[in-house]
Amino acid sequence: MELFSELAEKVENGQHKEVMTLVEKGIAENISVSEMLNKGLVAGMNSIGIKFRNNEVFVPEVLMAARAMKAGLAILKPVLLREKVASKGKIVLGTVKGDLHDIGKNIVCYMLQGAGFDVIDVGIDVPKETFIDAAKAEGAQIIALSSLLTTTMVYMQEVMNALHASDLNDTVKVIVGGAPVTQAYANEIGAHGYAADASTAVDVVRGLLGR
Amino acid sequence: MTGKELLLQALKGETTSRPAWLPFVGCHGGFLIGKTAAEYLQSADLLVAGLKKARELYKPDGLPVIFDLQVEAEILGCRLRWADEVPPAVLGHPLAEGGNIADLPMLDETRGRFPVIVQALERLKKDIGADTALYGLICGPFTLALHLLGSDIFLDMYDDQDRVLAVIDYCAGICIKSADIYLDHGADVIAVVDPMTSQISPDHFVQFVTSAMNTVYDHIRARGGLSSIFVCGDVTRNLEVMVKTTADCICVDEQIDMARLRELCRAEGKSFGGNIKLTSVLLLGDEADAKMEALDIMEKSKTKGFILAPGCDLPYAVPVKNIQAVADMVHEEYKREVAKTLTAKIADTFDDIILPDYKSANTVLIDVITLDSTSCAPCQYMMEAVQKAAAEANTLCYIHEHKIKMRRGIGMMVKLGVKNLPAICINGEVKFASIIPDQRTLVAAIEEAAGES
């Protein structure tokens, strides 16, 4: 349908006002909200995510697209809830204790939301207890940890230890990312997944949740 | 020629006898003298002590007086949060909280931490400035604008371009003031550190950053100073626009292909620097990793207008021996040759090289692993010591020299588990590595082995 591709294109171009208009038009015309979500908003975010990963676009363009996606999602959400469109999964996301960086974490948040996941953003400088408590309270399947500093990435190990000591050990998986973090480090601390960038984070989450 | 002269020669794009060496000792200087980053970055005494220690340990050609991109932001009203092992982080963004440029505080050398920095710079200039180039690091206009505006700057680049341009322009003015403070008090080079430009496209770089940066570089040049642009982050796509700025030197992090940067810089008559891997090699790797990494970069970068440096500010507790290993690669040809063989051994499993059956031999077998005793002095002394001790020992022994210039020698080194050269193995065991024992010790070791066999 032309509306879906137009929605995807407007999301990708970061045209938030146009996205809002299109979503409202779709709802007024009784077009499937889950299709508007998946074939429109999610498709647009996927496309910008691939371009971001390929270095074809940069942070400003992703943030513009994310704003457009969120504007559309804000209108769709009440209808989605009413029609009980199932979430694809829940993720608790935050930057670990001692680290105040949020740009990368926010982009991962937008990408995951854009892909249809529920994200509980627990913010920056987050202690291990908060990650575990939020995952318990929300029934999350994944905890996603971000760190921009070599000195704070070691805290990811503490979160892993806290998870092992909790009763979530068998049910919740952990993914890690951020500038100094590598696949080797993820393996070393026993994380379930590593994402080199925000777009990969979506693929890793999909892989871990099998959807 | 002093290290400083060599570094300045490299910065001007000239060929040097070896690569210039610039370890970015920031808060790591605090680690070297047992102080936290917060203590270190706020005290002239500690900055001087940490950098003098770094000079002693790492034999650098240049050092940054302070590596902290929050110095200017703090003066302009950004709230900081201090930490023990990293530079402070900016908490509040005055222009995102309703402030206007006109309301921001003044910046001069009496404000914020500049009195501390000026004092440290003047003392370092006097104490080590004759042979060590001193870098004044200033926060680049785009990163400073992000400190002031917060991450809204990214959306405003589309929504309110005039405002973003005005803030970046203002920040370039701040950069010039900071550069002047450093130059007035004896800094040799000004590095404009602008990591957040790695997050924008080449078009946005040209639209928002190039002209602001060039006013800073042109000002530094007019004052007779040298300048460098330094961006950590993946700037592969921005390299072309970075080399088109008027900076003298382009410094990058580990994600950049140095061979490509070298070509781009050569075309523009610029020097370039980088890009030792900070985490996987310097922080988490060992000395062999550090050596191989340094050699690889030196090989790609050659010696025309090149400065060897880490990809960014050294992590607080980076192992000292790893940075010393890099310094060895810069300064010592012998160690460089040895390390090259380490690189070669990786691809080879040496299945065809079989060690003798040491246990069933009825004599003592001594393997001496060397670079080559005819051309390397420590190797020669070690061989002589072994021959003398063997003659003196009250037992029959056979001595074999294995030169690692040949594949078989490397194979023996690997199979015997030798890590440092030259080394003496007696009956298949590493007994002395990179140290020549005194005669009595060596004779005793040989006789002890004879008693066991």
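Just so it is clear, the values below take in all heavy atoms, side chains as well, and ignore hydrogens, waters and symmetry mates. Chain naming here is simple, since letters A, B, ... match the order of the sequence lines and numbering starts at 1 in each.
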Worksheet item: So how far is it from B/Asp234 CG to A/Phe58 CZ, rounded to the nearest 0.5 Å?
Response: 8.5 Å
Worksheet item: Looking at B/Leu283, B/Asp159, B/Asp84, which one has more heavy-atom pairs under 4.5 Å with chain A than the rest?
Response: B/Asp159
Fill in: NZ (A/Lys77) with more than 12 external heavy atoms under 6.0 Å
no
Worksheet item: Take atom NZ in B/Lys244; do more than 12 heavy atoms of anything else shown fall under 6.0 Å from it?
Response: no
Response to the item:
side-chain hydrogen bond (donor to acceptor under 3.5 Å, both in side chains) pairs touching residues 99-112 of chain A, sequence neighbours excluded, are A/Asp99-A/His101, A/Asp99-A/Thr152, A/Lys105-A/Asp121
Discussion item. Taking side chain as everything from C-beta outward and backbone as N, CA, C, O, which of these in B/Ile200 sits under 4.5 Å from a heavy atom of chain A? Side chain, backbone, both or neither.
Written reply: both
Worksheet entry | Interatomic distance, A/Ile103 atom CD1 to B/Gln199 atom CD [nearest 0.5 angstrom] | 7.0 Å
Fill in: Separation of A/Arg67 CZ from B/Tyr158 OH (nearest 0.5 Å)
11.0 Å
Discussion item. Need one label for A/Asp197: side chain, backbone, both or neither, based on atoms under 4.5 Å from any heavy atom in chain B.
Written reply: neither
Worksheet item: From A/Asp125 CG over to B/Arg81 CZ, what is the distance, rounded to the nearest 0.5 angstrom?
Response: 4.0 Å
Worksheet entry | Contacts with chain A made by residues 201-212 of chain B (heavy-atom distance under 4.5 Å), listed by residue number | B/Ser201, B/Pro202, B/His204
Donor-acceptor pairs under 3.5 angstrom involving side-chain atoms of residues 30-40 of chain B: please list them, not counting sequence neighbours.
residue: B/Thr36; atom: OG1; partner: B/Glu39; partner atom: N; Å: 3.0
residue: B/Thr36; atom: OG1; partner: B/Glu39; partner atom: OE1; Å: 3.3
residue: B/Glu39; atom: OE1; partner: B/Thr36; partner atom: N; Å: 2.8

Fill in: Residue pairs fulfilling salt bridge (charged side-chain N to carboxylate O under 4.0 Å, His left out) with at least one residue in residues 11-23 of chain A, sequence neighbours excluded
A/Glu12-A/Lys51
Worksheet item: How many angstroms lie between atom CG of A/Leu63 and atom CE of B/Met157, to the nearest 0.5 angstrom?
Response: 10.5 Å
Worksheet item: Measuring heavy-atom distances to chain A, does B/Leu284 have an atom under 4.5 Å in its side chain, in its backbone, in both, or in neither?
Response: side chain
Worksheet, complete the sentence: If one checks every heavy atom of B/Asp156 against chain A at 4.5 Å, the contacting part turns out to be neither
Worksheet item: Hey, what do you get for CE (A/Met64) to CG (B/Leu155), rounding to the nearest 0.5 Å?
Response: 6.0 Å
Worksheet entry | Structural part of B/Leu278 lying under 4.5 Å from a heavy atom of chain A | neither
